[in-house]
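Heads up: the structure comes next, in structure tokens.
Atoms within a ligand are numbered from 1 in the order they appear, just like the ligands themselves. The analysis underlying the following values was restricted to heavy atoms, covering all of them including side chains, and did not include hydrogens, waters or symmetry mates. It should be emphasised that the depicted structure is a prediction, and the values quoted were computed from it without experimental measurement.
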Amino acid sequence: MASGNGSNFEALVSAIWNRRIHAEIALLVVNNPGCGAQQRADRLGIPWQLLNHRDYDSRTDLDRDLVERFRAADVEGIVMAGWMRIVTSELIRAFPDRLINIHPSLLPSFRGLDGVGQALRAGVRIAGCTIHLVTEDLDAGPILIQAAVPVLETDDHNSLSQRIHQQEHHILPIALMLAAQRWR
Ligand code: GAR
């Protein structure tokens with residue numbers, strides 16, 4: 001599931017193609033027409049579907065449709081790779097322990113929107129990223145893996161985001177492996 005640029009989605013595809021993990025991406029779902037993730041999927045030959053949240057009456061309706069699509073694609077697990085919508089119990093309860101989120105902060109610090117900006121404003125010396133299982137408490141599910149990223153004196157939002165992204169790309173495949181160990 002992706003809403004934006006899709007660099008984490010592509011990192012996962014690369015990890016699979018480079019045989020760092022044994023997995024198959026059945027489907028990419030995007031909610032923003034033409035977003036970077038969708039363009040990457042076209043280039044990489046990965047099937048994608050658009051579920052535009054603007055076409056649904058409620059979050060629950062969108063999530064119900066997501067569940068249907070994932071069941072139809074027979075997926076074992078789902079990665080929210082920059083999915084910028086709050087998900088509801090409709091989706092979370094359909095895939096317990098199988099829904100994974102990437103968050104750009106060292107949780108439990110800086111939950112919610114703009115984890116990078118929150119860290120910069122708080123003046124922390126160490127920022128980072130977290131991959132965790134999704135539960136009904138926002139950004140508070142069991143942590144699979146984290147990576148720390150030092151905040152440099154010269155950092156702005158863009159430079160810190162870029163270094164956090166690099167770490168996300170590195171730890172996401174590992175997190176997926178760790179999560180999948182619980183699935184059998
Ligand atoms: C990632 O940095 C991820 O941590 C963040 O969105 C970015 C997506 O980047 N997710 C959240 O903020 C979720 N609350 P990408 O589109 O390049 O993979």
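Atoms of ligand 1 found under 4.0 Å from any heavy atom of Pro104 (numbered from 1 in listed order, with element): 4 (O), 5 (C), 10 (N), 11 (C), 12 (O). Listed by number with element, the atoms of ligand 1 under 4.0 angstrom from any heavy atom of Gly6 are 15 (P), 16 (O), 17 (O), 18 (O). Near Asn5, meaning under 4.0 Å from any of its heavy atoms, are these atoms of ligand 1: 16 (O), 17 (O).
Within the structure, ligand 1 lacks Glu10 among the residues with a heavy atom less than 4.0 angstrom away. Distances from ligand 1 to the non-hydrogen atoms of Gly115 include no value under 4.0 Å.
Counting only heavy atoms of the protein, atom 13 (C) of ligand 1 lies nearest to Ile102 O, 3.6 Å. Atom 17 (O) of ligand 1 has as its closest protein heavy atom Ser7 OG, 2.5 Å. Among protein heavy atoms, the minimum distance from atom 14 (N) of ligand 1 is reached at His103 ND1, 3.6 Å. Of the protein's heavy atoms, Gly82 CA, 3.6 Å lies nearest to atom 6 (O) of ligand 1.
Judged purely by distance below 3.5 Å, without hydrogens or angles, the side chains of Trp48 and Asp42 pair a donor atom with an acceptor atom. A donor atom on one side chain and an acceptor atom on the other are found under 3.5 Å apart for Arg54 and Asn52. The closest side-chain donor-acceptor pair between Asn18 and Ser14, if any, does not fall under 3.5 angstrom.
Remark: side-chain polar atoms of Asp65 are not paired, donor with acceptor, to backbone N or O of Leu62 under 3.5 angstrom.
Around atom NE2 of His157, more than 12 heavy atoms belonging to other residues, nucleotides or ligands sit under 6.0 Å away.
Under the 4.5 Å side-chain heavy-atom criterion for Ile, Leu, Val, Met, Phe, Trp and Tyr, Met80 and Val75 are members of the same hydrophobic cluster.
Taking any N or O of Gly4, backbone or side chain, none lies under 3.5 Å from an N or O belonging to ligand 1. Residue His165 places at least one N or O, backbone or side chain, under 3.5 Å from an N or O of ligand 1. The distance criterion of under 3.5 Å between nitrogen or oxygen atoms is not met by Asn101 with respect to ligand 1.
For the pair Asn31 and Met84, the minimum side-chain heavy-atom distance is 4.5 Å or more.
The existence of a salt bridge linking Arg85 and Asp63 is excluded, since no basic side-chain nitrogen approaches an acidic carboxylate oxygen closer than 4.0 Å. In this structure, Arg59 does not pair ionically with Glu90, as no charged nitrogen and carboxylate oxygen lie closer than 4.0 Å.
Under 4.0 Å from ligand 1, the heavy atoms of Glu168 that appear belong solely to its side chain.
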